[in-house]
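Structure in structure tokens, see below.
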Protein chains: 2
Amino acid sequence: MFPCIFSLKDWERSQKVADLSTIEEIAKKAGVSRSTVSRVINDDPNVNEQTRERVLEVVNSNNYVPNRAARKLAGGRTGVIGLVIPIGVSRLFVEPFFPILIQSVTNRCNQVNRSVMFWLGEPEYERRSITQILSNDLLDGVIVSSLKDQDPIVAALHRSQIPFVLIGRYRDLPVNFVDIDNEKCAQMAVNYLLQTGRKRIATITGVADTMVSRERLDGYRATLAKAGFKIDDNLIAEGGFVEEGGYAAMAKIFPHKPDAVFATNDAMAVGAIRFLREQGVRVPEDVGVVGFDDAPFAASYKPSLTTIAQPIGDLGRRAVDMLVNVIEQQPNDVMNEIFASDLIIRESA
Amino acid sequence: MFPCIFSLKDWERSQKVADLSTIEEIAKKAGVSRSTVSRVINDDPNVNEQTRERVLEVVNSNNYVPNRAARKLAGGRTGVIGLVIPIGVSRLFVEPFFPILIQSVTNRCNQVNRSVMFWLGEPEYERRSITQILSNDLLDGVIVSSLKDQDPIVAALHRSQIPFVLIGRYRDLPVNFVDIDNEKCAQMAVNYLLQTGRKRIATITGVADTMVSRERLDGYRATLAKAGFKIDDNLIAEGGFVEEGGYAAMAKIFPHKPDAVFATNDAMAVGAIRFLREQGVRVPEDVGVVGFDDAPFAASYKPSLTTIAQPIGDLGRRAVDMLVNVIEQQPNDVMNEIFASDLIIRESA
DNA sequence: TCAGATATTGGGAGCGTTCCCATTCTAAAG
DNA sequence: CTTTAGAATGGGAACGCTCCCAATATCTGA
């Protein structure tokens, strides 16, 4: 179909053609009406089996793809899903969460024959353009990840009536989302540290005004409290989910003599370990470190990271499936799904 | 415009509305015709200045955004640009090149009021769907990065007449592209190693059937030859642009006693250093290592990496600008732009 | 054998734009 | 005061599809 091009000669020979026709042309070739072709390509059951095959044959041999713009305009779907990740460059590059998420969402979309339209985090002044785009256009639905608490996009989405699914819950609003149980994850991490005899367990939190940070911190607090420990605020510091932040947070915590740290992602865990090393502190002998994410580097890092593995791929795939379901079935109730995570025990704690 | 939502009450109160109208409604409100509004929003000069202002006022106050599907159907543009990066997961996660590229492309697109549709690398069987999508749809144009030699997408793009720009040249075909001078970069790296007295300089190449690998290898060969060295094929190994590959390549090269390595990206440089360390070899004292990319971790790695810094952000931005230009001006000649790169000297060589 | 149901098909209308041509308005020139 | 070029504006047609209803073909049972 699409030959490779091996030389300039090939290139010049290769003719510019558009072998794709309109539904009307396909109809004529198949000897049926526009409507019948439309039914075939939209899987309408009310078509004679032989007719369907004949049409399908013409469709395939002509490499016909329906025009999405026309389809949308006529009240149909474009098959385009928006993916919005409103975070800054620094985290996008460093946290493995995002590339994996992006990959799993785009892959699943391809599998279910959808395209992905993409928005990365922007300075505030560009948010307006995002909401404009969302509220009109070519999108059948939207997936949004990593929201901050006061992000106006949820309200915009809601107002514009476009189907959407969040990755990570948003306040306690009744919206569609997929998520992990962050509190329980934190509980697993802290409990493990307690089991290994740690007495002064610190935590490095992520970005302040996000559900995910709050939940992990709540889990940390609750677990310690339940074990009969008093919470020492000196053992809590914010790291913004980036390596440098982990380093700085560890520097703040260190004078208060922790014997373990629950870093709420792996990037910060690495930052923390870097600081500890510079102080001549041994990990895990003197201070145990638990991370979060099971980043690709977590296993090969020295020491390899004990960490919580989120099923990021599952989150992305399920978000797509959920959104497609919302688009097609328009259910009345909101859908939620919580995925389980695992504690991966390695060397660092 | 879009208030934040602070509670369930807010949520319930927030009404679902679509305050965006059609061009016809705007026209009525402004007391002009559909055509005039169309002229205004498309910057047609044939509009009375006062009329233009009046229309603009209505447009803004109603938050009107033209329907892209309708626009496309009527022969206009959608303002959507496709970004295709046909590489596998392993590299996407590891090489900083891609997130930075993605970020710079999407940011620039936002700046020039375009949306980005996104395709990541896929197994071969999905390539078909990519070309299908490209050849029809909502896209005004396409940016493609990181092509392999035999990738059929270029031919498909050419045939379908859609404007496109490549990041990294493709064979010697007359197509629009932005690129760096890979041969010269290799020359810089190797020359530097020569200047520091290295005599047995090895290289770890990337993915075999790509221009970029070939060019860097050519540059390596040419520079050594020019300096009067004989090329020793034992000092050349392929690393596939990933850390593991760099490690394995170094393992192959090591028995042949190199005193320096030009790794054609930073991930492989790190892999190579990991191997050398395990052998008790000191970097840079015993073996100097030069990387490529100036990845975020390059500066903080121990030893910090001497590397070539590509202007990735510039490449992405320029690709967008070039594509927009092609879309709007439809120039007859192809456009190329080569960006300069820098050698960043740090500890590893 | 025929009414009535059911399966299948066809075609008009309309989605919201842009493009193009026709019309109206303005102002300068005769 | 009329004519006319040019500026400004309006509206029909078309883009390619889906939806809906009407028309036709086929089948069922009495």
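Residue numbers start from 1 in every chain, and the chains themselves are labelled A, B, ... in the order their sequence lines are given, proteins ahead of strands.
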Earlier contact from the 5' end, DNA chain D, for B:Ala74 and B:Val32: B:Val32
D:dT9 phosphate, OP1 or OP2, under 4.0 Å from B:Asn48 side-chain N/O: no
With the side chain defined as heavy atoms from C-beta on, B:Leu73 is closest, among C:dT17, D:dC15, D:dC17, to D:dC15
B:Asn46 CG to C:dC19 C1': how many Å, rounded? 13 Å
Rounded to the nearest angstrom, tell me the gap between atom CZ in A:Arg34 and atom P in D:dC20. 15 Å
Quick one: do A:Asp321 and A:Arg108 make a salt bridge, cutoff under 4.0 Å? yes
Let me know the distance between CD of A:Gln50 and P of C:dT8, rounded to the nearest Å. 10 Å
Take the protein atom CZ of B:Arg52 and the nucleotide atom C1' of D:dA7, then report the distance between them rounded to whole Å. 13 Å
Check every strand shown and say whether B:Thr36 touches a base, only sugar-phosphate, or nothing at a heavy-atom separation below 4.0 Å. sugar-phosphate
Integer-rounded Å distance: D:dG16 P and A:Glu25 CD: 8 Å
Among C:dG16, D:dT9, D:dG16, find the nucleotide with the atom closest to the side chain of A:Thr22. D:dG16
Give a yes/no answer on whether the side chain of B:Asn42 brings an N or O atom under 4.0 Å of OP1 or OP2 in C:dT18. yes
With distance as the sole criterion, is a donor-acceptor pair present between the side chains of A:Arg169 and A:Asn176 under 3.5 Å? no
Report the distance from atom CG of B:Leu138 to atom P of C:dT17, rounded to the nearest whole Å. 16 Å
C:dT17 base to B:Arg68 side chain: any donor-acceptor pair below 3.5 Å? no
Could you state the NZ-C1' distance from B:Lys28 to D:dG11, rounded to the nearest angstrom? 16 Å
Atom-pair distance (CG on A:Asp140; C1' on D:dT18), nearest Å: 14 Å
Please figure out whether B:Ser35 or B:Ala69 has its closest DNA chain C nucleotide nearer the 5' end. B:Ala69
Taking only side-chain N and O atoms of A:Tyr64, does any of them lie within less than 4.0 angstrom of OP1 or OP2 on D:dG16? no
Presence of salt bridge, B:Arg317 and B:Asp314, under 4.0 angstrom: yes
Hey, which of A:Ile26, A:Val47, A:Val37 is the one that makes side-chain contact (heavy atoms from CB on, under 4.5 Å) with A:Val32? A:Val37
So, do A:Val116 and B:Trp119 sit near enough that their side-chain heavy atoms are less than 4.5 Å apart? no
Just to confirm, is there a sub-4.0 Å distance from OP1 or OP2 of D:dG10 to any side-chain nitrogen or oxygen of B:Ser33? yes
Using OP1 and OP2 only, check whether a side-chain N or O of A:Thr51 sits under 4.0 Å from C:dT9. yes
